[in-house]
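The structure appears below as structure tokens.
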Amino acid sequence: MQKIDAHQHFWKFDPVRDSWITDDMAVIQRDFYPEHLAPVLSENGMDACIAVQADQSEAQTNFLIDFAKSNPFIIGVVGWVDLRADDLDGRLQHYSKHSVVKGFRHVLQAEAGEFMLGEKFMRGISMLNKYGFTYDVLIKHDQLSYAEQLVAAFPQQKFVIDHLAKPAIKAQEIKPWAQQIAAIAQHKNVYCKVSGFCTEADWRNWQPSDVKPYLDVVFQAFGTDRLMFGSDWPVNLVAGGYNKTVDCLNAYLAPFSQADQAKFWGGNAASFYNL
């Protein structure tokens, strides 16, 4: 079984640009490079990873491409490009020459829900499939209804929802998130990353039992063919770290067949991102 971490980040810490990393997240107020991740992947039995943008600039995309060139375990990049730009087709053509670039993401969680349904943004999404690019949907649970409208408009486009759409695990609220996840999962072009759940829970005190109801929902909604593992490293360091995330999922998946486990830990990511 090839194990792929389908969601992690690298950055050179900038306190202004990275103001989302607040003082209560001091453990990640520093640089994170491939040499910091490699031993963590090895310790957790991971063979490879997908590096995902953490800054909305093409400079970040290029930063990740450069890391991939010198670190073979980085087998895919989800970058950023201005989907609303007039010259988008040219930018996509440019990035299509870099085989490691698999798709793009915008920090939709920081936008109003209507943003993703804007004419220019949707025009940008419509151009991704031409080049075989995927799209990572980074939203909060209260944006799911907008995201469903987006994915419904582009049935041929491959989408993946990051971090289970950030349900309110700490508050133990499961509705209407559960209903909306079930609804968006009806669109067969949509996958979901089982990632980032620890930072939606009580950072210092969460237990697998806190997370299980939410995992039950996504496994019921998407099945084992459209779910993939993502660590959300290094962000997960604020809430127990890489090992605790993996241990939680190993325990949850123990009753599943080896074939289903193999899909979750790597096969689905390889299929989705065309690795």
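- Rounding to the nearest 0.5 Å places OG of Ser99 at 10.0 Å from CG of Asn274.
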Under 3.5 Å donor-acceptor pairs involving side-chain atoms of residues 265-273, not counting sequence neighbours:
residue	atom	partner	partner atom	Å
Asn268	ND2	Thr224	O	2.8
Asn268	ND2	Leu227	O	2.7
Asn268	ND2	Lys263	O	3.4
Tyr273	OH	Asp136	OD1	2.7
Tyr273	OH	Asp136	OD2	3.4
Tyr273	OH	Lys193	NZ	2.9

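- Defined by atom type and a distance below 3.5 Å, a donor-acceptor pair is present between the side-chain atoms of Glu114 and Tyr146.
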- Take Phe229 and Ser195, measure what side-chain contact (heavy atoms from CB on, under 4.5 Å) needs, and give me the verdict at the end. CA-CA 6 Å; Phe229 165 70; Ser195 59; over 6 Å; no

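- Counted within 6.0 Å of NZ on Lys244, heavy atoms from surrounding residues, nucleotides or ligands total more than 12; the atom is thus considered enclosed.
- Looking at Gln261, its side chain does come within 3.5 Å of a backbone N or O of Leu253 through a donor-acceptor pair.
- One N or O on the side chain of Arg226 and one on the backbone of Ala185 form a donor-acceptor pair closer than 3.5 Å.
- A search for ring pair (Phe, Tyr, Trp, His ring centres under 6.0 Å) contacts involving Phe63 returns Phe67, not counting sequence neighbours.
- Note on ring orientation: taking the six-membered ring where Trp is involved, the planes of His98 and His94 are perpendicular (angle over 60°, cut-offs 30° and 60°).
- The backbone N or O of Thr199 lies less than 3.5 Å from a partner atom in the side chain of Trp203, making a donor-acceptor pair.
- Using modelled atom types, one finds a donor on one side chain and an acceptor on the other under 3.5 Å when comparing Glu148 with His187.
- Aromatic ring orientation, Trp177 versus Tyr214: tilted (interplanar angle from 30° to 60°).
- The main-chain N or O of Phe73 is never found under 3.5 Å from a side-chain atom of Asn71 such that the two would form a donor-acceptor pair.
- Considering all non-hydrogen atoms of both residues, Cys198 and Asn236 come closest at SG-CB, 3.8 Å.
- Scanning all heavy atoms of the two residues, the minimum distance from Leu164 to Pro167 falls at O-CD, 3.5 Å.
- Side-chain contact, Glu43 with Tyr242: no donor N or O sits under 3.5 Å from an acceptor N or O.
- Within the 3.5 Å criterion, the main-chain N or O of Leu108 finds a donor-acceptor partner in the side chain of Gln143.
- Heavy-atom contacts from other residues, nucleotides or ligands closer than 6.0 Å to CG of Asp86 number 12 or fewer.
- Residues passing the ring pair (Phe, Tyr, Trp, His ring centres under 6.0 Å) test with Phe115 are His106, Phe121, sequence neighbours excluded.
- Ile50 and Val246 are assigned to two separate hydrophobic clusters, defined by single-linkage of ILVMFWY side chains at heavy-atom distances under 4.5 Å.
- Taking every heavy atom of both residues into account, Arg30 and Val27 meet most closely at NE-O, 3.9 Å.
- Qualifying ring pair (Phe, Tyr, Trp, His ring centres under 6.0 Å) partners for Phe219, counting only residues two or more places apart in sequence or in other chains: Tyr252, Phe256, Phe264.
- The line from OG1 of Thr134 to CZ of Phe159 is 10.0 Å long, rounded to the nearest 0.5 Å.
- A donor-acceptor pair is defined here as one N or O able to donate and one able to accept, closer than 3.5 Å; such a pair exists between the side chain of Ser126 and the backbone of Arg123.
- Without hydrogens or angle criteria, Asp202 side chain to Lys170 main chain gives no donor-acceptor distance under 3.5 Å.
- Under the 4.5 Å side-chain contact rule for hydrophobic residues, Met228 and Phe104 do not share a cluster.
- Surrounding NZ of Lys188 are more than 12 heavy atoms belonging to other residues, nucleotides or ligands, all under 6.0 Å away.
- Counting only distance, with no hydrogens or angles, the side chain of Gln29 and the backbone of Pro15 share no donor-acceptor pair below 3.5 Å.
- In this structure His9 satisfies the side chain to side chain contact (heavy atoms under 4.5 Å, CB included) test together with His7, Trp11, Val52, Ala54, Arg105, Asp232, Pro234, Val235, sequence neighbours excluded.
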- Task: With ring-ring contact (aromatic ring centres under 6.0 Å, His included) as the test, would you mind laying out the steps for Tyr191 and Phe222 before giving the verdict?
- Result: CA-CA 7 Å; Tyr191 285 57; Phe222 288 94; 8.2 Å; no

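- Shortest non-hydrogen contact noted between Val77 and Ile65 is CG2-N, 4.2 Å.
- A distance of 4.0 Å separates CG of Leu138 from CD of Gln109, quoted to the nearest 0.5 Å.
- A donor-acceptor pair under 3.5 Å links the side-chain atoms of Thr61 to the main chain of Trp80, judged by distance alone.
- For the pair Leu128 and Leu83, the tightest heavy-atom approach, listed with the atom from each and the gap, is CD2-CD2, 4.0 Å.
- The side chain to side chain donor-acceptor pair (under 3.5 Å) check on Asp210 picks up nothing, with sequence neighbours excluded.
- Between the Asn189 side chain and the Phe154 main chain, a donor and an acceptor come within less than 3.5 Å of each other.
- Summarising the local packing, CZ of Arg91 is surrounded by more than 12 heavy atoms from other residues, nucleotides or ligands at distances under 6.0 Å.
- Atom CG of Leu215 and atom NZ of Lys212 lie 8.5 Å apart (nearest 0.5 Å).
- Taking a 6.0 Å sphere around CD of Glu119, one finds it holds 12 or fewer heavy atoms contributed by other residues, nucleotides or ligands.
- Taking all atoms of both residues into account, the shortest heavy-atom contact from Lys120 to Arg84 is CD-O, 3.7 Å.
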